[in-house]
Amino acid sequence: MDLGIGLPNAVPGTTGKQLTDWARAAEEAGFSTLGTIDRIVYPSYESLVALSAAAAVTERIRLATDVLLGPLRQNPSLIAKQMLSLDALAGGGRTVLGIGAGGREDDFEVGGLSMSGRGAWLDSALEKILAIWNGEGEVESKVGPRPQDDRPTLLVGGYVQASFERAARFGDGWTQGGSGPDQFEEDAANVEEAWKRHGREGEPYKMALTYFSLGPNAEKNAQASLGSYYAYLGEESSAMIVANAVKDADAVKAVISSFESKGCDELILFPSSPDPEQVTLLADAAGL
């Protein structure tokens, strides 16, 4: 199983230098991927902007949105072009578009958008994105920069059957957002069944995320960052997410082992502090 690390793009107070130092440290430590999580109504860095900064200071590590909230962008052709641009600037073959429908009302409200119909929008958008990436169509083939080798990877996120079907129809795989190893195993089985039902060859790539916070201020940082980010879910749910963040080396090893045993292809651990020392602490705990 590959092991990735999240950028602190959604940790309030993160500076540009911390973000780029983090990206350099993650590549040097041997992590497979740098990931971002996505909000609008929050003091976070926009995902593709953050990944562009990371691309400028790295050469090997993959760059993944986990996930980009597609309907908030409204223009699938622009999303396709942004990913092609990121991929070309990064050197080609490093980008992963993890994309989902989104579920926070304020993110839609601030843009004057309705949450209804976002699943249908995503189905249509994924068709357009793939057509552009694959150069299918007279106009679509002119959208660039064109991929030099493989196009960006496409993973579809979500927890419901419609998202599993969407991943099987359009994606190279599926990504799960923080539901834990046991739920991952159940959902992954549904994705694999949908994959076969749609006549797809091979196996879907399966990614998951969890949260970590290490060092002497582990609990404090988890409460401050994750408690704030998930406050909209209510006190009980946000407290559970804080409690489930891995906070010591033994917990890091245990969560990696658990996801790997459930058939996960790649696990990305997202931080609660922007201090680049967290990269070293996680790499040491994971045995990289």
Side-chain angles (χ1 to χ4, degrees), residues 1-11 14-38 44-68 82-99 133 145 147-155 157 171-178 205-214 246 252 255-256 259-260 264-288:
M1 182 180 73
D2 286 340
L3 189 66
I5 187 170
L7 280 168
N9 74 299
V11 178
T14 299
T15 67
K17 186 176 187 304
Q18 285 175 320
L19 193 81
T20 52
D21 285 351
W22 185 289
R24 290 189 186 97
E27 179 161 88
E28 183 176 345
F31 287 100
S32 57
T33 298
L34 282 165
T36 57
I37 51 181
D38 205 30
S44 54
Y45 293 114
E46 196 278 331
S47 290
L48 295 178
V49 172
L51 289 177
S52 295
V57 297
T58 58
E59 296 179 354
R60 173 200 57 81
I61 197 166
R62 289 194 296 269
L63 308 166
T65 57
D66 193 30
V67 294
L68 191 79
Q82 287 173 320
M83 290 302 299
L84 289 173
S85 299
L86 177 63
D87 197 59
L89 292 171
R94 285 211 281 152
T95 57
V96 179
L97 174 60
I99 189 168
W133 285 357
Q148 296 303 304
D149 295 303
D150 294 335
R151 62 164 175 77
T153 299
L154 176 62
L155 303 180
D172 300 304
W174 163 79
T175 179
Q176 181 219 53
Y205 194 79
K206 299 180 288 294
M207 180 186 283
L209 73 79
T210 192
Y211 294 98
F212 79 97
S213 185
L214 300 173
V246 293
V252 169
V255 78
I256 291 171
F259 271 102
E260 188 168 20
C264 184
D265 294 306
E266 183 170 20
L267 177 65
I268 301 183
L269 290 99
F270 279 85
S272 301
S273 163
D275 186 348
E277 178 63 21
Q278 290 286 309
V279 178
T280 301
L281 292 173
L282 181 60
D284 290 345
L288 293 183

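Atom set for the values below is all heavy atoms of this structure, side chains included, hydrogens, waters and symmetry mates excluded.
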_Sequence neighbours excluded - salt bridge (charged side-chain N to carboxylate O under 4.0 Å, His left out) pairs with any residue from residues 264-283_ =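 The answer is Arg62-Glu266, Lys206-Asp265.
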So does [Y] get a backbone contact from the side chain of [X], meaning a donor-acceptor N/O pair under 3.5 Å?
| X | Y | result |
| --- | --- | --- |
| Gln18 | Thr15 | yes |
| Thr58 | Ile61 | no |
| Gln278 | Pro271 | no |
| Ser47 | Thr36 | no |

*Flag for Asn9-Ser44: side-chain donor and acceptor within less than 3.5 Å*: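 Ser44 vs Asn9: no donor-acceptor pair found between side chains.
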*Donor-acceptor side-chain pairing of Asp87 and Thr95 below 3.5 angstrom*: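 A pair is found: one side chain offers a donor N or O, the other an acceptor, under 3.5 Å apart.
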A side-chain contact here means heavy atoms from C-beta on lying under 4.5 Å apart; do [X] and [Y] qualify?
| X | Y | value |
| --- | --- | --- |
| Asp284 | Thr280 | yes |
| Ser272 | Phe212 | no |
| Phe31 | Ile268 | no |
| Met207 | Gln176 | no |
| Pro145 | Ser85 | yes |
| Leu7 | Tyr45 | no |
| Ile5 | Thr33 | no |

*For Phe270, what residues pass the ring pair (Phe, Tyr, Trp, His ring centres under 6.0 Å) criterion, not counting sequence neighbours?*
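In terms of ring pair (Phe, Tyr, Trp, His ring centres under 6.0 Å), with neighbours along the sequence ignored, Phe270 is linked to no residue.
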So which atom in [X] and which in [Y] form the shortest heavy-atom distance, rounded to 0.1 Å?
| X | Y | result |
| --- | --- | --- |
| Ala208 | Thr175 | N-OG1, 4.5 Å |
| Leu19 | Pro8 | CD1-CD, 4.0 Å |
| Ala29 | Leu288 | O-CB, 3.8 Å |
| Ala26 | Leu34 | CB-CD2, 3.7 Å |
| Ala90 | Leu63 | CB-CD1, 3.8 Å |

If you round to the nearest 0.5 Å, how far is [atom2] of [Y] from [atom1] of [X]?
| X | Y | atom1 | atom2 | result |
| --- | --- | --- | --- | --- |
| Leu267 | Leu209 | CG | CG | 8.0 Å |
| Leu155 | Leu97 | CG | CG | 8.0 Å |
| Glu260 | Ile256 | CD | CD1 | 8.5 Å |
| Thr153 | Asp172 | OG1 | CG | 5.5 Å |
| Gln148 | Leu84 | CD | CG | 10.5 Å |
| Ser52 | Gln82 | OG | CD | 8.5 Å |

_Going by side-chain hydrogen bond (donor to acceptor under 3.5 Å, both in side chains), Lys17 matches just one of Asp21, Thr14, Thr20. Which one?_
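Option passing the side-chain hydrogen bond (donor to acceptor under 3.5 Å, both in side chains) with Lys17: Asp21.
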*Identify whether the distance between the nearest side-chain nitrogen and carboxylate oxygen of Asp150 and Arg94 falls below 4.0 Å.*
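No, this pair does not count.
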*Taking Asp38 as the fixed residue, which of Thr65, Leu48, Leu68 is the one that meets the side-chain contact (heavy atoms from CB on, under 4.5 Å) rule?*
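Result: among Thr65, Leu48, Leu68, Leu68 is the only option passing the side-chain contact (heavy atoms from CB on, under 4.5 Å) with Asp38.
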